[in-house]
Amino acid sequence: MIIRKIADIIGSEQEVVTTNWTSRRMLLKSDGMGYSFHETIIFSGTETLIWYQNHLEAVYCIEGEGEVELIPEGTCHPIKPGTMYALDKHDKHYLRAKTQMRLICVFNPPLTGREVHDDKGIYALED
Ligand code: 9YT
């Protein structure tokens with residue numbers, strides 16, 4: 001069994017901080033679960049271009065408000081506590097945070113640890 005506490009992840013190698021968000025990566029590829037599991041904080045007022053061409057991601061909002069806009073369709077979906085979205089088709093989108101948002105995120109294949117978006121919003125596959 002693996003037991004981890006968010007307080008031990010914050011500020012460690014398993015937290016990745018960017019301009020728009022911070023990602024506390026609680027389970028990674030090396031843990032052997034077949035997925036990675038993160039708590040992500042999206043900073044208030046930010047807009048992030050995301051296009052996970054190499055990963056599937058499910059996102060569950062537990063705090064804050066924002067929206068997802070699909071590209072190029074322009075369809076917008078409000079995100080608030082209790083809403084989950086799953087990027088089952090490698091959907092390109094903008095994630096906008098009206099307030100700070102706390103999201104629980106699961107990635108398949110699992111992240112290895114230090115991934116950040118490239119200029120197209122993609123996480124590279126590290127192997
Ligand atoms: C919702 C989303 O994908 N935000 C970007 C960060 C990502 N969740 C991560 O690496 O934890």
Side-chain angles (χ1 to χ4, degrees):
M1 182 179 287
I2 300 168
I3 296 186
R4 296 203 174 117
K5 297 175 185 170
I6 196 73
D8 297 328
I9 303 280
I10 293 171
S12 77
E13 269 295 296
Q14 285 183 234
E15 179 172 36
V16 174
V17 185
T18 73
T19 311
N20 287 7
W21 48 262
T22 184
S23 173
R24 288 101 184 231
R25 296 176 173 167
M26 303 189 78
L27 288 170
L28 290 167
K29 181 178 181 182
S30 56
D31 293 309
M33 297 290 288
Y35 53 83
S36 58
F37 180 95
H38 320 170
E39 179 189 77
T40 301
I41 305 295
I42 310 290
F43 302 138
S44 178
T46 58
E47 175 182 88
T48 307
L49 175 66
I50 299 176
W51 191 12
Y52 293 126
Q53 296 185 28
N54 302 314
H55 298 84
L56 300 172
E57 184 194 23
V59 179
Y60 183 58
C61 178
I62 56 172
E63 188 181 296
E65 285 185 38
E67 67 174 15
V68 168
E69 178 183 338
L70 290 172
I71 302 169
E73 298 89 329
T75 317
C76 282
H77 300 281
I79 305 299
K80 59 184 183 180
T83 302
M84 184 279 304
Y85 65 92
L87 303 167
D88 61 330
K89 298 184 175 61
H90 303 281
D91 315 74
K92 187 176 184 180
H93 62 285
Y94 283 114
L95 175 61
R96 299 191 185 98
K98 186 171 162 189
T99 66
Q100 175 175 289
M101 301 169 77
R102 187 183 307 272
L103 308 174
I104 302 302
C105 307
V106 176
F107 279 79
N108 171 26
L111 299 198
T112 59
R114 301 303 301 172
E115 290 91 339
V116 291
H117 298 131
D118 69 11
D119 60 354
K120 296 188 182 66
I122 301 168
Y123 284 162
L125 277 181
E126 292 199 351
D127 53 12

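Heavy atoms only: backbone and side chains are in, while hydrogens, waters and symmetry mates are out. Whatever order the structure lists them in is the order used to number ligands and atoms, beginning at 1.
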Revision key, fill the gap. Besides M1, the hydrophobic cluster formed by Ile, Leu, Val, Met, Phe, Trp and Tyr side chains linked at under 4.5 Å, directly or via other members, contains I3
Practice item. Measure from the side-chain N and O atoms of T99 to the backbone N and O of E65, and report whether any donor-acceptor pair falls under 3.5 Å. Key: yes
Point to revise | Pairs touching residues 71-91 that satisfy side-chain hydrogen bond (donor to acceptor under 3.5 Å, both in side chains), sequence neighbours left out | key: none
Check your understanding: To the nearest 0.5 Å, what is the distance between CD (Q53) and NZ (K120)?
Key -> 8.0 Å
**Study point:** Candidate list K92, H117, H93, test side-chain hydrogen bond (donor to acceptor under 3.5 Å, both in side chains), partner Y52, passing option
**Key:** H117
Check ligand 1 for N or O atoms under 3.5 Å from a protein N or O and list each pair with its distance.
residue: ligand 1; atom: 3 (O); partner: Y52; partner atom: OH; Å: 2.8
residue: ligand 1; atom: 3 (O); partner: E57; partner atom: OE1; Å: 3.1
residue: ligand 1; atom: 3 (O); partner: E57; partner atom: OE2; Å: 2.9
residue: ligand 1; atom: 8 (N); partner: T40; partner atom: OG1; Å: 3.1
residue: ligand 1; atom: 8 (N); partner: E57; partner atom: OE2; Å: 3.2
residue: ligand 1; atom: 10 (O); partner: S23; partner atom: OG; Å: 3.4
residue: ligand 1; atom: 10 (O); partner: R25; partner atom: NH2; Å: 2.6
residue: ligand 1; atom: 10 (O); partner: Y123; partner atom: OH; Å: 2.6
residue: ligand 1; atom: 11 (O); partner: S23; partner atom: OG; Å: 2.7
residue: ligand 1; atom: 11 (O); partner: H38; partner atom: ND1; Å: 2.8
residue: ligand 1; atom: 11 (O); partner: T40; partner atom: OG1; Å: 2.8

Give every donor-acceptor pair under 3.5 Å between a side-chain atom in residues 16-27 and any protein atom, sequence neighbours left out.
residue: T18; atom: OG1; partner: N20; partner atom: N; Å: 3.4
residue: T18; atom: OG1; partner: W21; partner atom: N; Å: 3.2
residue: T18; atom: OG1; partner: W21; partner atom: O; Å: 3.0
residue: N20; atom: ND2; partner: E47; partner atom: O; Å: 2.9
residue: N20; atom: ND2; partner: T48; partner atom: OG1; Å: 2.9
residue: T22; atom: OG1; partner: E15; partner atom: OE2; Å: 2.6
residue: T22; atom: OG1; partner: V16; partner atom: O; Å: 3.4
residue: S23; atom: OG; partner: R25; partner atom: NE; Å: 2.9
residue: R24; atom: NE; partner: E15; partner atom: OE2; Å: 2.9
residue: R24; atom: NH1; partner: E39; partner atom: OE1; Å: 2.9
residue: R25; atom: NH1; partner: G113; partner atom: O; Å: 3.0
residue: R25; atom: NH1; partner: E115; partner atom: O; Å: 2.9
residue: R25; atom: NH2; partner: E115; partner atom: O; Å: 3.0
residue: R25; atom: NH2; partner: Y123; partner atom: OH; Å: 3.3

